[in-house]
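Each chain gets a letter, A, B and so on, in the order its sequence line appears, and its residues count up from 1.
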2 protein chains.
Amino acid sequence: MKPDSVFKKAFNRTLQLLDEGAVDISATSENALRARIGVSRTTVRKVLGELQARGIMRISEDGATVGRNILKSDYFPDLETTSKRQHVEEQFMEWMLRGDTQPGTLINELQLARQFGVATNGVREFLIRFSRFGLIEKKQNSGWLFKGFTEAFALELFEIRVMFELRSAHLFAELPDDSPLWGELADLKTEHQRLLREIGGRFHDFSRLDNRLHRLINRAAPNRFIDDFYDVITLIFHYHYQWNKKDELQRNEAAIREHLAYIDALLSGDTHEIERTCLRHMTSARTTLVRSIQVAA
Amino acid sequence: MKPDSVFKKAFNRTLQLLDEGAVDISATSENALRARIGVSRTTVRKVLGELQARGIMRISEDGATVGRNILKSDYFPDLETTSKRQHVEEQFMEWMLRGDTQPGTLINELQLARQFGVATNGVREFLIRFSRFGLIEKKQNSGWLFKGFTEAFALELFEIRVMFELRSAHLFAELPDDSPLWGELADLKTEHQRLLREIGGRFHDFSRLDNRLHRLINRAAPNRFIDDFYDVITLIFHYHYQWNKKDELQRNEAAIREHLAYIDALLSGDTHEIERTCLRHMTSARTTLVRSIQVAA
DNA sequence: AAGTTGTTTTTTATAAGTAATATGCAAACG
DNA sequence: CGTTTGCATATTACTTATAAAAAACAACTT
């Protein structure tokens with residue numbers, strides 16, 4: 001059976017839009033709402049049906065009207081609005097990075113499936129998807145080998161990352177003056193500066209900015225393999241930093257400054273300076289990752 | 001139900017070993033045979049059981065003896081000795097590269113499953129595995145988009161390949177004199193020279209040599225992401241060249257000469273020359289791939 | 001005509017089930 | 001005692017089944 005997490009998420013999103021006054025229930029067609037939420041009309045209709053059933057929306061001859069105010073309890077819990085796939089990912093990452101799973105451990109699909117409360121199929125699909133991250137390896141007609149979230153992994157990851165980043169940075173510098181990416185880079189600079197000023201309160205926002213900067217640089221000359229590789233980085237950082245809170249404020253503040261130097265170098269077009277600032281940022285990012293692995297071990 | 005392709009392959013392999021006289025049935029333990037074939041003892045026992053049932057092997061008080069000669073008809077057909085997974089891969093590659101599947105085509109799991117004679121799950125697992133090749137892309141809660149085996153794909157592939165190859169070649173040149181890889185490189189040179197002399201008869205053997213050379217070079221400084229990327233190259237070339245026979249002899253001969261120049265450069269340690277010969281080989285490989293894509297289109 | 005809604009058909013995301021294979025344990029053998 | 005075999009159990013590689021969601025079709029509005 002397929003879960004109805006898509007519906008529940010769409011339902012919550014619709015409630016939110018209604019609550020914010022962003023959509024007018026009497027003047028919004030199914031199709032418009034569909035486009036807004038990014039879901040099929042079938043699901044939109046199910047949402048509208050539920051809204052009526054709960055009395056939040058009422059249909060009369062003149063069309064739809066608001067039935068009653070939206071309560072907090074109308075929202076489905078977050079857990080029910082995400083797919084099994086997402087749950088498997090989160091639980092696996094937790095099992096791998098936070099549990100004391102040792103390098104060399106054999107991964108058992110059946111056992112993980114029971115542990116995570118899903119069918120073996122879901123675990124298997126996840127592992128196949130996850131295998132490209134270089135942390136696990138399939139054994140023929142047997143399970144998977146966990147190679148370990150080790151220093152070697154971090155070093156290999158960064159060797160590639162540095163190659164790709166330098167390549168993209170150089171290509172970025174060669175963009176024509178009228179490229180819209182320059183404007184985006186300038187905007188990012190401003191956002192970095194603002195975050196630096198407000199660093200105390202919202203230093204968590206850094207990782208989103210980090211992602212945006214590096215993806216912007218990659219966009220100078222798109223290459224699907226580089227993009228895919230960046231997905232690896234994103235996932236690793238997402239989970240790893242989520243659980244590594246040590247010195248987070250200082251680390252992020254330092255990284256923002258490195259970013260700003262890097263951005264300035266890009267804006268200046270000075271090839272040497274670009275390389276220098278890029279490498280400095282890469283090196284410190286690598287050090288941070290390696291150090292946190294060592295601490296965990 | 002799980003297919004018994006592992007058993008059938010093991011059975012065929014055992015017949016072959018017996019026929020070659022490589023194993024002595026009366027003096028080989030289950031465990032020794034297991035290690036030899038690379039399969040579990042459970043399967044080995046099934047094989048031995050089948051050998052007895054067919055009268056190929058006989059068990060008496062003194063132990064096992066040969067019952068009768070092995071016939072060609074004793075072997076299981078090849079098709080039954082490979083997993084469904086392998087079949088799906090082959091059929092999908094054929095569908096993608098040989099059929100006139102257009103870029104932008106939406107891939108339908110159900111339809112492919114019916115076409116290939118497997119359950120949808122098998123197709124899905126294959127597609128997940130295949131997605132890292134950069135040719136397809138998942139659409140949320142919908143099918144997969146075939147992005148096309150296009151010139152853009154080939155160029156992006158080769159941009160990365162060149163980066164990785166140059167990196168590995170330089171590191172290879174820096175290997176200490178006593179590294180065993182130097183000997184392997186010298187052996188490969190000899191094999192290239194022999195193949196060049198016998199090129200008329202066995203030019204198909206080139207692709208295996210190609211693979212060995214590049215993987216050897218990567219071994220100078222292993223990086224799992226580079227290895228994984230080389231899997232992409234291997235698969236693409238395997239299928240693409242399997243069906244692109246035009247000028248195959250000339251192409252392979254030229255490539256062998258390029259390899260020899262590249263190997264000599266590596267042996268000489270001349271950094272400039274390494275770069276030059278490496279780039280020349282990469283460029284011509286890229287040209288070949290791009291041209292064959294254009295022909296197909 | 002173009003957009004809107006109602007209905008039917010197709011496809012996906014997941015679960016459950018099953019024979020083949022791998023793994024683990026114990027008895028028997030040398 | 002270390003190796004071989006017999007047997008029981010666990011795990012994998014699949015197939016089949018099903019509700020949710022998407023897509024396609026058709027009728028109905030402006």
Side-chain angles (χ1 to χ4, degrees), chain A residues 1-10 27-35 37-49 59 63-64 82-88 106-114 116-128 138-144, chain B residues 1-10 27-34 37-49 59 63-64 82-88 106-114 117-128 138-144:
Chain A
M1 180 163 115
K2 192 173 182 173
D4 56 356
S5 54
V6 171
F7 156 68
K8 285 175 174 166
K9 189 172 221 157
T28 310
S29 77
E30 290 175 0
N31 205 41
L33 198 54
R34 181 199 66 74
I37 307 188
V39 87
S40 78
R41 201 161 62 82
T42 306
T43 303
V44 166
R45 303 192 93 222
K46 200 169 161 189
V47 168
L48 294 173
I59 296 278
T82 44
S83 65
K84 285 279 174 187
R85 211 168 95 181
Q86 189 64 35
H87 296 169
V88 171
L106 279 166
I107 295 168
N108 186 319
E109 290 177 5
L110 194 60
Q111 194 180 306
L112 284 187
R114 282 193 288 245
F116 298 169
V118 296
T120 52
N121 241 309
V123 171
R124 172 183 276 253
E125 284 176 16
F126 170 78
L127 292 172
I128 294 172
K138 182 81 177 90
K139 305 259 121 186
Q140 266 298 321
N141 281 311
S142 171
W144 299 75
Chain B
M1 183 165 111
K2 193 174 181 172
D4 56 358
S5 55
V6 171
F7 156 68
K8 285 175 174 166
K9 188 171 221 158
T28 311
S29 77
E30 291 176 0
N31 204 40
L33 199 56
R34 181 199 66 75
I37 307 187
V39 86
S40 79
R41 200 160 62 81
T42 307
T43 304
V44 167
R45 303 191 95 223
K46 200 170 161 187
V47 167
L48 294 174
I59 296 279
T82 45
S83 65
K84 286 278 175 187
R85 210 169 95 181
Q86 189 63 34
H87 295 169
V88 171
L106 278 167
I107 295 168
N108 185 320
E109 291 178 5
L110 195 59
Q111 194 180 305
L112 284 186
R114 282 192 288 245
V118 295
T120 51
N121 240 305
V123 171
R124 172 184 275 253
E125 285 175 15
F126 170 78
L127 292 172
I128 294 172
K138 182 84 176 85
K139 306 258 121 186
Q140 266 299 319
N141 281 312
S142 172
W144 298 75

Minimal non-hydrogen separation, I128(A) against I128(B), with atom names: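 Of all heavy-atom pairs spanning I128(A) and I128(B), the closest is CG2-CG2, 3.7 Å.
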
Closest non-hydrogen atom pair between P3(B) and K84(B), with its separation: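 Answer, listing the atom of P3(B) first, then K84(B): CG-CG, 4.4 Å.
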
Side-chain donor/acceptor of D4(A) to backbone N/O of F7(A), under 3.5 Å: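 Such a contact is absent between D4(A) side chain and F7(A) backbone.
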
Candidate list E109(A), R124(A), K139(A), test side chain to side chain contact (heavy atoms under 4.5 Å, CB included), partner W144(A), passing option: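 In the set E109(A), R124(A), K139(A), the residue that makes a side chain to side chain contact (heavy atoms under 4.5 Å, CB included) with W144(A) is E109(A).
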
Below 3.5 Å, does any donor atom in the side chain of [X] face an acceptor in the base of [N], or the other way round?
X: S40(A); N: dA23(D); answer: no
X: K2(B); N: dT21(C); answer: no
X: T42(A); N: dA22(D); answer: yes
X: T120(B); N: dT15(D); answer: no

[X] [atom1] - [N] [atom2] separation (whole Å):
X: E30(A); N: dA22(D); atom1: CD; atom2: P; value: 14 Å
X: L110(B); N: dT16(D); atom1: CG; atom2: C1'; value: 13 Å
X: K8(B); N: dA20(C); atom1: NZ; atom2: P; value: 10 Å
X: E109(B); N: dA22(D); atom1: CD; atom2: P; value: 14 Å
X: N31(A); N: dA24(D); atom1: CG; atom2: P; value: 14 Å
X: I59(B); N: dG6(D); atom1: CD1; atom2: C1'; value: 14 Å
X: H87(B); N: dA13(D); atom1: NE2; atom2: C1'; value: 13 Å

Closest nucleotide among [options] to the [X] side chain:
X: R45(A); options: dT14(C), dT5(D), dT7(C); answer: dT7(C)
X: N108(A); options: dA21(D), dT14(C), dT11(D); answer: dT11(D)
X: N121(A); options: dT11(C), dT15(D), dT4(C); answer: dT15(D)
X: V6(A); options: dT21(C), dT12(D), dA22(D); answer: dA22(D)
X: S29(A); options: dT11(D), dT4(C), dA15(C); answer: dT4(C)
X: A119(A); options: dG24(C), dT7(C), dA15(C); answer: dA15(C)
X: F7(A); options: dA21(D), dT11(C), dT21(C); answer: dA21(D)

Sugar-phosphate only, base, or nothing, as touched by K138(B) at under 4.0 Å among non-hydrogen atoms: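 Sugar-phosphate contact only - K138(B) comes under 4.0 Å of backbone atoms but never of a base.
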
Sugar-phosphate only, base, or nothing, as touched by R34(B) at under 4.0 Å among non-hydrogen atoms: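 Contact class for R34(B): none.
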
Any R124(A) side-chain nitrogen or oxygen under 4.0 Å from OP1 or OP2 of dA13(D):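 Indeed, a polar side-chain atom of R124(A) lies that close.
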
Phosphate-side-chain proximity, S142(B) and dA23(D), N/O vs OP1/OP2 below 4.0 Å: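 Affirmative; the distance criterion is met.
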
Residue whose closest nucleotide on DNA chain C lies nearer the 5' end, N141(A) versus N141(B):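 The residue whose closest nucleotide sits nearer the 5' end is N141(B).
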
Comparing I107(B) and G38(B) on DNA chain C - which has the more 5′ nearest nucleotide: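 Whichever sits nearer the 5' end wins; that is I107(B).
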
Residue closer to the 5' end of DNA chain D, R114(A) versus E125(B) (nearest nucleotide):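 It is R114(A) whose nearest nucleotide is closer to the 5' end.
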
Comparing Q111(A) and R41(A) on DNA chain D - which has the more 5′ nearest nucleotide: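 It is Q111(A), whose closest nucleotide lies nearer the 5' terminus.
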
K9(B) vs V39(B), side-chain contact (heavy atoms from CB on, under 4.5 Å): CA-CA, chis, key distance, verdict: CA-CA 10 Å; K9(B) 188 171 221 158; V39(B) 86; over 6 Å; no

E30(B) with R45(B): basic N within carboxylate O range, under 4.0 Å: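 Salt bridge flag = yes for R45(B) with E30(B).
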
